[in-house]
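Each chain gets a letter, A, B and so on, in the order its sequence line appears, and its residues count up from 1.
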2 protein chains.
Amino acid sequence: MKKENSPQETLTTKERIFEASVNLFSQKGFDAVSMREIGREVGIRESSIYNHYKNKDAILENIINHLIDELGAISFTDEEMDALISESPELFFETGSREFFNGMSNPKTEKIWRILSIEVFHNEKIKTFFVNELLESPINEWEKIFTKMMKKGIIKEYDPRVLAREYFSFALYLFFEYFILKYDTKYSSFTDMAYNKMIDHTNFILKTVKIESNDNSNHKKS
Amino acid sequence: MKKENSPQETLTTKERIFEASVNLFSQKGFDAVSMREIGREVGIRESSIYNHYKNKDAILENIINHLIDELGAISFTDEEMDALISESPELFFETGSREFFNGMSNPKTEKIWRILSIEVFHNEKIKTFFVNELLESPINEWEKIFTKMMKKGIIKEYDPRVLAREYFSFALYLFFEYFILKYDTKYSSFTDMAYNKMIDHTNFILKTVKIESNDNSNHKKS
DNA sequence: GTCTATACTCTGATAGAC
DNA sequence: GTCTATCAGAGTATAGAC
């Protein structure tokens with residue numbers, strides 16, 4: 001929809017304001033960044049920003065919507081899900097994890113998640129977005145998935161709500177560990193920090209609930 | 001160390017500033033509260049606050065230290081732990097959970113945790129405190145505990161580090177759900193929201209790793 | 001200890017010349 | 001579209017009278 005690969009010089013001023021704001025907000029937080037600072041970064045006066053954005057909040061709004069658009073683009077159909085579940089639960093979890101990580105792993109997207117993590121307390125829209133996208137809808141989705149798996153005889157009977165929470169809470173833990181507590185430290189990306197831990201987690205869950213077929217290759221040690 | 005139960009009128013001005021700041025910061029965040037506002041709440045001019053605290057940061061510092069002192073007061077000796085583990089893993093988990101919840105459940109402590117959750121991005125000291133108290137030291141502790149349980153033959157062999165993360169990550173998930181996303185909603189306290197979920201979680205973990213004695217009372221349904 | 005008064009800095013935002 | 005100039009308001013903090 002937008003030209004993405006164009007060199008820096010061909011970006012419109014509005015786009016340059018957007019980029020500069022994402023960088024500054026993700027480093028310092030929304031309140032700590034002034035319009036003057038954004039202007040300085042872009043190379044224009046702060047008053048000129050108001051030709052492109054109504055006010056400072058409109059920049060943040062724009063950033064949030066950018067992420068929402070991006071997340072809306074990736075999703076599974078029920079049929080794809082069904083096929084995957086039937087084929088192999090391991091593969092399904094792997095694909096699900098990959099989808100989750102893809103939604104937060106490119107550098108720009110990571111910065112936006114970071115901004116939202118910082119501003120979740122100060123902005124009602126961000127809070128609602130978080131509660132929906134990170135708490136409620138994923139857990140509801142996973143509840144459905146686990147229910148389906150039980151019906152298919154792939155996993156043992158267990159309260160699917162509890163199972164969904166057991167599974168997804170770990171992803172949230174990783175999210176908070178990275179974006180709130182460990183951002184700007186030794187890790188180069190969310191995937192870098194979290195992916196292997198998520199694999200360990202999936203194995204742990206499967207160990208408990210999976211119904212073994214005739215293959216007993218469970219005791220792997222590295 | 002301090003008189004706690006004295007009626008409001010007998011608090012010193014410094015204490016009243018402390019109380020007012022905890023209330024205001026936990027509702028609006030540190031930056032959003034002005035010295036004028038604190039003064040108004042206490043009933044003095046903002047300039048008078050500087051007779052009791054060097055500056056605004058000193059108030060926050062005081063609040064953080066209050067929590068650190070409080071947390072330092074509750075802890076287990078290795079002997080107590082050993083005795084509990086040997087007696088019953090269920091009881092041990094229950095006691096451990098209760099300790100965790102006690103550290104964040106009285107109304108004043110909850111408010112302080114909320115303040116810290118809001119300010120974790122803007123304050124390096126708070127971030128370090130969080131990383132130590134909520135991420136690293138608990139997971140290290142639980143790793144030791146699970147190792148001990150394995151040696152005693154109470155739980156099955158498994159990577160104790162992974163197990164520690166599996167167990168404690170859920171507590172962190174609950175912490176973030178409450179203090180960051182759901183504070184000021186339908187729940188009256190952290191315990192109110194989280195305790196039953198934590199029990200479900202403990203049961204799930206035990207289901208996977210516990211070595212059953214001769215009793216098979218695992219299939220309870222409500 | 002608290003007050004008034006004041007200093008100073010920074011913020012987001014607007015008006016109007018070019 | 002960008003500039004200069006300017007605004008009102010809020011922020012922390014200090015000095016000195018009482």
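D:dC3 atom C1' lies 17 Å from atom CZ of A:Arg40, rounded to whole Å. The separation between A:Met35 atom CE and C:dT14 atom C1' is 12 Å, rounded to whole Å. Rounded to whole Å, the distance from CD1 on A:Ile49 to P on D:dG1 is 14 Å. In this structure, CD1 of A:Ile44 is placed 7 Å from P of D:dC3, rounded to the nearest angstrom. If you measure from atom NZ of A:Lys56 to atom C1' of C:dC10, you get 12 Å, rounded to the nearest angstrom. In this structure, A:Arg45 places its CZ atom 20 Å from P of C:dG16, rounding to the nearest Å. Counting to the nearest Å, the C1' atom of D:dA5 and the CD atom of A:Glu46 are 11 Å from each other. One can place CG of A:Asn55 at 5 Å from P of C:dA13, the figure rounded to the nearest angstrom.
Considering only side-chain atoms of A:Ser47, the nucleotide from C:dG1, D:dC7, C:dT14 that sits closest is C:dT14.
Ring-plane geometry between A:Phe176 and B:Phe176 is classed as parallel, the angle between the planes falling under 30 degrees on a 0 to 90 degree scale with a further cut at 60.
Within a 6.0 Å radius of CZ in B:Arg45, no more than 12 heavy atoms belonging to other residues, nucleotides or ligands are found.
Ring pair A:Phe204/B:Tyr158: centre-to-centre distance below 6.0 Å.
Here B:Ser34 lies in heavy-atom contact (under 4.0 Å) with sugar-phosphate atoms only. Among the protein residues, A:Val33 comes within range of the sugar-phosphate backbone only, with heavy atoms under 4.0 Å from sugar or phosphate atoms but none that close to a base. Counting any heavy atom pair closer than 4.0 Å across all strands shown, B:Thr13 reaches sugar-phosphate atoms only and no base atom.
For the residue pair B:Glu110 and B:Tyr178, a side-chain donor N or O sits within less than 3.5 Å of a side-chain acceptor on the partner.
Contact check, B:Ser48 against C:dC3: a side-chain N or O comes under 4.0 Å of OP1 or OP2.
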